[in-house]
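Here the structure is laid out as structure tokens; the discussion comes afterwards.
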Amino acid sequence: MLIRKSDSNSIPSSEITPRSTYLNRRTLLTAGAVGAAALAADRFGRVMHPHDVRAETKLATVSSPLSTKGLTPTSLYDITHYNNFYEFGTGKDDPAKYAGSLKTRPWSVKVEGLVKSKKTYDIDSLMKLRPLEDRIYRFRCVEAWSMVIPWVGYSLSEFIKACDPLPSAKYIQFISLDNPSEEPGINSVNLDWPYSEGLRMDEAMHPLTLLTFGLYGDALPNQDGAPVRVVVPWKYGYKSAKSIVKVRFVDKQPHTTWNDMASDEYGFYSNVNPNVDHPRWSQKTERVIGAPIWKQRQPTLMFNGYANQVASLYTGMDLRKYH
Ligand SMILES: Nc1nc2c(c(=O)[nH]1)N[C@H]1C(S)=C(S)[C@@H](COP(=O)(O)O)O[C@H]1N2
Ligand SMILES: [Mo]
């Protein structure tokens with residue numbers, strides 16, 4: 001017997017599919033595919049689900065000469081299901097499960113500290129400040145795994161120029177959202193919230209440092225730090241703060257969450273360095289997430305492969321002491 005629903009108010013399920021479910025479904029199509037094929041399948045997936053309005057947040061982008069050449073991007077599935085985002089729990093799959101509760105609109109980023117004048121940027125105007133670029137970077141976590149991620153954003157330096165910091169500003173601090181009602185990990189994970197990270201001003205001004213709004217051509221999935229995060233490709237992953245609500249210009253090295261936790265394990269600089277082991281494990285090699293078995297173990301590169309561009313920032317510094 002055919003049962004018809006006569007309730008005209010019922011919303012087709014395709015309209016209310018949560019983004020996390022959508023990502024799951026969409027990325028099924030890309031599992032096993034790599035690189036351009038993954039991207040093509042992903043575009044195909046999008047066409048297959050025209051009603052997933054919330055996920056249809058394709059960004060207008062231009063390609064960037066600062067993209068790292070010759071790398072195969074990790075699948076969208078792995079990029080969105082193997083995350084560190086302790087505001088949603090410590091498990092790698094917790095962010096994919098729970099970050100759906102994060103509300104990314106309205107959203108604003110406050111600029112404070114040593115600036116000519118304090119400002120607040122609405123996220124949508126922040127995204128329009130400069131053209132958004134596609135930038136493929138290596139991404140290396142301190143836990144000795146890595147990915148290749150096709151980010152979308154523009155150089156943080158562009159934003160810093162717009163903030164007009166005073167010459168006395170020597171460091172920049174990033175503060176992440178601290179809202180237990182949307183971020184269940186805040187009450188269950190014993191960290192000193194809000195998540196705080198920082199960079200020396202010359203590191204922050206380096207063109208590779210990316211103010212990031214998206215990946216794979218779309219707005220950032222919540223679990224990757226929506227709606228705005230930073231990405232510092234030559235540093236361990238935790239330097240790349242997610243879901244930023246405040247940027248502060250300061251004259252002294254700011255406190256950072258992981259450094260507060262265990263300063264011997266997580267330094268302020270945290271440059272990727274195969275020659276300086278973490279006290280509990282080697283940093284000489286890394287596990288490439290999603291790579292075929294025979295390519296899963298790779299040697300870790302100095303400054304994560306960006307030494308030519310960034311090594312000069314650290315001339316004369318003892319990288320063992322300032323790890
Ligand atoms: N606010 C916030 N930012 C964060 C973290 C976090 O727990 N909270 N984890 C960091 C760590 S350890 C890593 S490896 C990267 C992971 O980014 P991804 O999940 O997008 O790959 O985010 C970093 N930024
Ligand atoms: Mo990490």
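In listed order, ligands and their atoms are each counted from 1. Everything quoted here is computed from the prediction, not taken from an experiment.
M205 has its side chain within reach of I160: a pair of non-hydrogen atoms, C-beta onward, lies under 4.5 Å apart.
Near ligand 1, residues N83, N84, F85, Y86, E87, F139, C141, S176, Y195, D224, R229, G237, Y238, S240, A241, K242 come within 4.0 angstrom through at least one heavy atom.
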Exercise answer: donor-acceptor pairs, residues 171-181 side-chain atoms, under 3.5 Å, sequence neighbours excluded:
from	atom 1	to	atom 2	distance (Å)
Q173	OE1	R248	NH1	3.1
Q173	NE2	S196	OG	2.9
S176	OG	K242	O	2.6
N179	OD1	S181	N	3.1
N179	OD1	S181	OG	2.7

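Taking a cutoff of 4.0 Å between a charged side-chain nitrogen and a carboxylate oxygen, K97 and D93 qualify as a salt bridge. Between E112 and K110 there is no salt bridge, since no side-chain nitrogen of the basic residue lies less than 4.0 Å from a carboxylate oxygen of the acidic one. We find that R320 and D318 are not joined by a salt bridge, their nearest charged nitrogen and carboxylate oxygen being 4.0 Å or further apart.
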W258 vs Y86, ring pair (Phe, Tyr, Trp, His ring centres under 6.0 Å): CA-CA, chis, key distance, verdict:
CA-CA 12 Å; W258 288 102; Y86 279 20; 5.5 Å; yes
